[in-house]
Chemist: 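Before I ask anything, here is the structure I am working with.
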Amino acid sequence: MIRPRLPTPQHTTGPFFPAEFLESWESDLTAEPGGCGGGSDSDAGRAPRGELMVLAGRVVDGVGEPAVNLILELWQADSSGIFNHPGDPRYQERDPRFRGWGRAATESQGRYRFVTVKPGPAPSGVDPGWVRPPHLAVMLLGSGLMRPLITQLFFPGEPLNVTDRQLQEIVRPERRARLVLRRAGTDAQTGAQIYEMDFVLQGKAETPFLAG
Amino acid sequence: MKRSRQTAARRPTPAGEAGQPARAIPGYLRSLRRTPRNEFVRRLWTAADLLGPARVVDPAPPRACDLSRLRPAAPRAMGQLIRVTGRVLDQAGRPLRGVLLELWQANAAGKYLHPNDPSPVPTDPHFAGRGRMLTGADGGFELLTIKPGGYAVPYEGEHSASDWWRPPHIHFSLFGPAFASRLVTQMYFPGEPLNRYDLLLNSILDHAARRRLIARFARTASTPDGVLGFRHDFVLGGPSQTPWEERP
């Protein structure tokens with residue numbers, strides 16, 4: 001039997017994560033320059049399927065100060081609940097105009113902003129009886145974070161939230177509510193629905209984060 | 001407030017994460033203020049964790065990366081030229097192909113190409129400082145660069161160490177096959193006196209685990225054109241399970 005190796009230890013990104021790795025298209029999961037890996041020329045200029053949305057908010061630390069220069073990585077299914085990965089059985093039917101992954105950094109007030117589409121409900125992939133509600137997987141990296149902080153965000157009023165085992169793993173309803181996005185009007189330019197999420201790294205209103 | 005911050009510093013690393021660093025490190029102010037205090041929520045592995053972004057950048061970067069100059073024929077940066085070769089493996093030791101590595105580091109004097117770096121030491125106009133590469137079919141990569149310098153970490157007041165120097169290190173960010181296998185880490189150099197005192201490296205209590213962050217000097221990989229060789233492998237974690245497979 002092969003003894004499994006331990007993974008390489010994680011470390012912080014430190015404060016000097018290169019700006020070149022935060023190109024402007026990265027925070028827009030519907031933008032072209034990143035390449036979708038599957039789109040053909042005939043797809044060029046077409047809007048992605050589904051409901052365009054903005055994910056925005058702030059990150060604050062344990063003393064209530066904005067967490068500046070923090071990196072957020074967003075990973076999610078498309079509007080049909082398909083992940084942009086060959087391991088998804090419906091990969092061939094995915095939206096070629098949607099990258100499914102993006103990255104943004106917080107500015108001097110701790111604010112961040114993504115443009116994306118609202119994901120559809122997606123099979124859990126581990127239990128045919130478990131369909132996950134629309135959700136966004138988010139990873140926070142940055143100075144002071146020795147390990148990535150991982151969590152999942154949910155949409156208000158989704159019936160599948162009530163039976164989602166991952167969300168319900170959080171026992172106290174007021175803690176669970178901290179992972180549910182807030183509707184906050186529409187974007188003046190695009191008309192996209194804005195969903196807000198403030199991440200509190202530490203303290204009374206601390207955001208629930210997932211282990212491992 | 002002061003008392004609770006100290007509590008955070010004593011908080012143990014969650015169990016089941018052998019060989020990982022502490023999250024809250026005394027003397028590292030930002031880790032004390034940014035580390036959550038509540039219990040982490042049990043993670044139920046589903047498609048979002050078990051799959052990951054297949055392509056982060058386009059076009060795909062090459063297997064080899066040269067940070068020691070801005071363009072192929074351009075003048076070299078100052079400092080000791082080094083070549084770091086290695087492989088990215090899964091926990092069973094299988095090579096992982098197509099893993100994106102992002103890397104960045106200080107120049108030979110210990111200064112980053114970053115507006116936030118307050119260090120008074122010189123910049124180097126010939127040094128690229130950051131780059132991307134993609135592992136080949138053998139899981140391998142090859143990095144040509146200069147050895148980074150150490151630097152003093154600025155003192156930030158109470159709860160901040162006043163005599164902290166970072167040893168020479170290179171930052172790596174790796175995108176594995178799953179969202180759950182994402183790795184952000186740093187590579188250190190063998191025999192550096194500062195390694196003994198570094199708050200980050202030594203927050204890993206296990207000696208063998210610390211050693212996994214230190215590259216090996218490879219005399220046989222050092223070449224007469226003035227390049228010192230180092231070897232360094234990465235092991236990506238995450239669940240061994242893949243979604244949609246039949247489970248026993």
Chemist: Pick one of side chain, backbone, both or neither for A:A67, based on which atoms fall under 4.5 Å of a heavy atom in chain B.
Modeler: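 A:A67 touches chain B through backbone and side-chain heavy atoms alike.
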Chemist: Any idea which heavy atoms bring B:E102 and A:F17 closest together, and the distance?
Modeler: OE1-CZ, 4.2 Å
Chemist: Given heavy-atom pairs under 4.5 angstrom as the criterion, report whether the side chain, backbone, both or neither of B:L89 touches chain A.
Modeler: side chain
Chemist: List the atom of B:A92, the atom of A:R5, and the distance in Å for their closest heavy-atom pair.
Modeler: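 Scanning both residues, the minimum pair turns out to be C-NE, 4.4 Å.
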Chemist: Between B:R43 and A:Q166, does a side-chain contact (heavy atoms from CB on, under 4.5 Å) hold up when you go through it step by step?
Modeler: CA-CA 7 Å; B:R43 193 168 175 192; A:Q166 180 66 78; 4.2 Å; yes
Chemist: Do B:Q91 and A:P7 touch side chain to side chain, with heavy atoms closer than 4.5 Å?
Modeler: yes
Chemist: Report yes or no: does B:R34 contribute a side-chain atom to a donor-acceptor pair with the main-chain N or O of A:S143 at less than 3.5 Å?
Modeler: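 Between the backbone of A:S143 and the side chain of B:R34 there is a qualifying donor-acceptor contact (under 3.5 Å).
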Chemist: Would you say that more than 12 heavy atoms from the other residues, nucleotides or ligands in this model lie under 6.0 Å from the CZ of A:R182, or not?
Modeler: yes
Chemist: Distance check, rounded to the nearest 0.5 Å: B:L113 atom CG versus A:E20 atom CD?
Modeler: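 Rounded to the nearest 0.5 Å, the CG-CD separation comes to 7.5 Å.
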Chemist: Is there a donor-acceptor pair closer than 3.5 Å between any side-chain N or O of A:Q10 and the backbone N or O of B:T185?
Modeler: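 Checking the backbone N and O of B:T185 against the side chain of A:Q10, no donor-acceptor pair under 3.5 Å is found.
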Chemist: Could you tell me whether a side-chain N or O of A:T8 sits under 3.5 Å from a main-chain N or O of B:V235, the two making a donor and an acceptor?
Modeler: yes
Chemist: Considering all heavy atoms of both residues, which atom of B:G19 and which atom of A:P9 are nearest to each other, and what is their separation?
Modeler: O-CG, 3.4 Å
Chemist: Side chain, backbone, both or neither: which part of B:L183 has a heavy atom under 4.5 Å from chain A?
Modeler: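 B:L183 touches chain A through backbone and side-chain heavy atoms alike.
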Chemist: Can B:R55 and A:W101 be said to form a side-chain contact (heavy atoms from CB on, under 4.5 Å), step by step?
Modeler: CA-CA 9 Å; B:R55 192 171 230 189; A:W101 180 87; over 6 Å; no
Chemist: Between A:L149 and chain B, which part of the residue has a heavy atom less than 4.5 Å away: side chain, backbone, both or neither?
Modeler: side chain
Chemist: Counting C-beta onward and ignoring hydrogens, is there a side-chain heavy-atom pair between B:R212 and A:L6 closer than 4.5 Å?
Modeler: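 In short, these two side chains touch, coming nearer than 4.5 Å.
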Chemist: Quick one: CZ on B:R30 to CG on A:L201, what's the gap to the nearest 0.5 Å?
Modeler: 12.5 Å
Chemist: Against chain A, work out which of B:W104, B:W45, B:Y112 has the most heavy-atom pairs shorter than 4.5 Å and name it.
Modeler: B:W104
Chemist: Of all the heavy-atom pairs spanning A:E206 and B:P36, show the shortest one and how long it is.
Modeler: OE2-CB, 3.2 Å
Chemist: Report the option among B:R210, B:R42, B:R166 that has the most heavy-atom pairs separated by less than 4.5 Å from atoms of chain A.
Modeler: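 Sorted descending by pairs with chain A, the first entry is B:R42.
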Chemist: How long is the straight-line distance from OG of B:S203 back to CE of A:M146, given to the nearest 0.5 Å?
Modeler: 4.0 Å
Chemist: Looking only at heavy atoms, what is the nearest atom pair of A:Q202 and B:T35, with distance?
Modeler: NE2-O, 2.7 Å
Chemist: Counting heavy-atom pairs closer than 4.5 Å to chain B, which one of A:L145, A:T151, A:T13, A:V59 comes out on top?
Modeler: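 Going by pairs under 4.5 Å, I would pick A:T13.
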Chemist: Would you check if the side chain of B:R37 reaches a backbone N or O of A:G203 as a donor-acceptor pair within less than 3.5 Å?
Modeler: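 No, because the side chain of B:R37 does not come within donor-acceptor range (under 3.5 Å) of the backbone of A:G203.
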Chemist: May I ask you to decide if B:L44's main-chain N or O and A:E169's side chain share a donor-acceptor pair within less than 3.5 Å?
Modeler: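 Checked: no pair found.
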Chemist: Let me see the working for B:R182 and A:I150 under side-chain contact (heavy atoms from CB on, under 4.5 Å), right down to the final yes or no.
Modeler: CA-CA 11 Å; B:R182 185 94 172 80; A:I150 297 146; over 6 Å; no
Chemist: Considering only heavy atoms from C-beta outward, does the side chain of B:N116 approach that of A:F16 to under 4.5 Å?
Modeler: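 When only atoms from C-beta onward are counted, A:F16 and B:N116 do touch, with a gap below 4.5 Å.
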Chemist: Can you tell me which of B:V41, B:L236, B:T46 forms the most heavy-atom pairs within a distance under 4.5 Å of chain A?
Modeler: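 With the most close heavy-atom pairs to chain A, the winner is B:V41.
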Chemist: Tell me, side chain or backbone of B:L51 under 4.5 Å from chain A's heavy atoms, or both, or neither?
Modeler: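 For B:L51, heavy atoms of backbone and side chain both lie under 4.5 Å from chain A.
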Chemist: In terms of heavy-atom proximity below 4.5 Å to chain A, should B:S181 be classed as side chain, backbone, both, or neither?
Modeler: neither
Chemist: Is the closest side-chain heavy-atom distance between B:W244 and A:D88 below 4.5 Å?
Modeler: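 SC-SC contact between B:W244 and A:D88 confirmed.
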Chemist: Which residue out of A:G14, A:P148, A:P123, A:A19 racks up the most heavy-atom pairs below 4.5 Å with chain B?
Modeler: A:P123
Chemist: What is the minimum heavy-atom distance between B:G131 and A:F21, and which atoms define it?
Modeler: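 That closest heavy-atom pairing would be O-CZ, 3.4 Å.
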Chemist: Which one of B:G52, B:S173, B:A54 has the most heavy-atom pairs closer than 4.5 Å to chain A?
Modeler: B:G52
Chemist: Name the option with the most non-hydrogen atom pairs under 4.5 Å to chain B; the candidates are A:Q76, A:M139, A:Q152, A:R165.
Modeler: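 Winner by heavy-atom pair count: A:M139.
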Chemist: Pick one of side chain, backbone, both or neither for B:L50, based on which atoms fall under 4.5 Å of a heavy atom in chain A.
Modeler: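 Answer is side chain: those atoms of B:L50 sit under 4.5 Å from chain A.
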Chemist: Quick one: which of A:P15, A:P208, A:G100 has the most heavy-atom pairs under 4.5 Å with chain B, could you say?
Modeler: A:P15
Chemist: Tell me, for B:P177 versus chain A, whether the close heavy atoms (under 4.5 Å) come from the side chain, the backbone, both or neither.
Modeler: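 For B:P177, backbone heavy atoms alone lie under 4.5 Å from chain A.
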Chemist: Does the pair B:E39/A:R172 count as a salt bridge with the N-to-O cut at 4.0 Å?
Modeler: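 No, this pair does not count.
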Chemist: Please classify the contact of B:L199 with chain A as side chain, backbone, both or neither, using a heavy-atom distance under 4.5 Å.
Modeler: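 B:L199 has no heavy atom closer than 4.5 Å to chain A.
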Chemist: What part of B:Y28 gets within 4.5 angstrom of chain A, counting heavy atoms only: side chain, backbone, both, or neither?
Modeler: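 Interface part for B:Y28: side chain.
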Chemist: Around atom CZ of B:R216, are there more than 12 heavy atoms from other residues, nucleotides or ligands closer than 6.0 Å?
Modeler: no
Chemist: Using atom types as modelled and distance alone, determine if a side-chain donor or acceptor of A:H11 lies under 3.5 Å from a backbone N or O of B:V184.
Modeler: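 Checked: no pair found.
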Chemist: Would you call the rings of B:F179 and A:W75 parallel, tilted or perpendicular if under 30° counts as parallel and over 60° as perpendicular?
Modeler: parallel
Chemist: Please tell me if the side chains of A:H85 and B:P53 come closer than 4.5 Å, counting only heavy atoms from C-beta onward.
Modeler: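 Contact flag for A:H85/B:P53 side chains = no.
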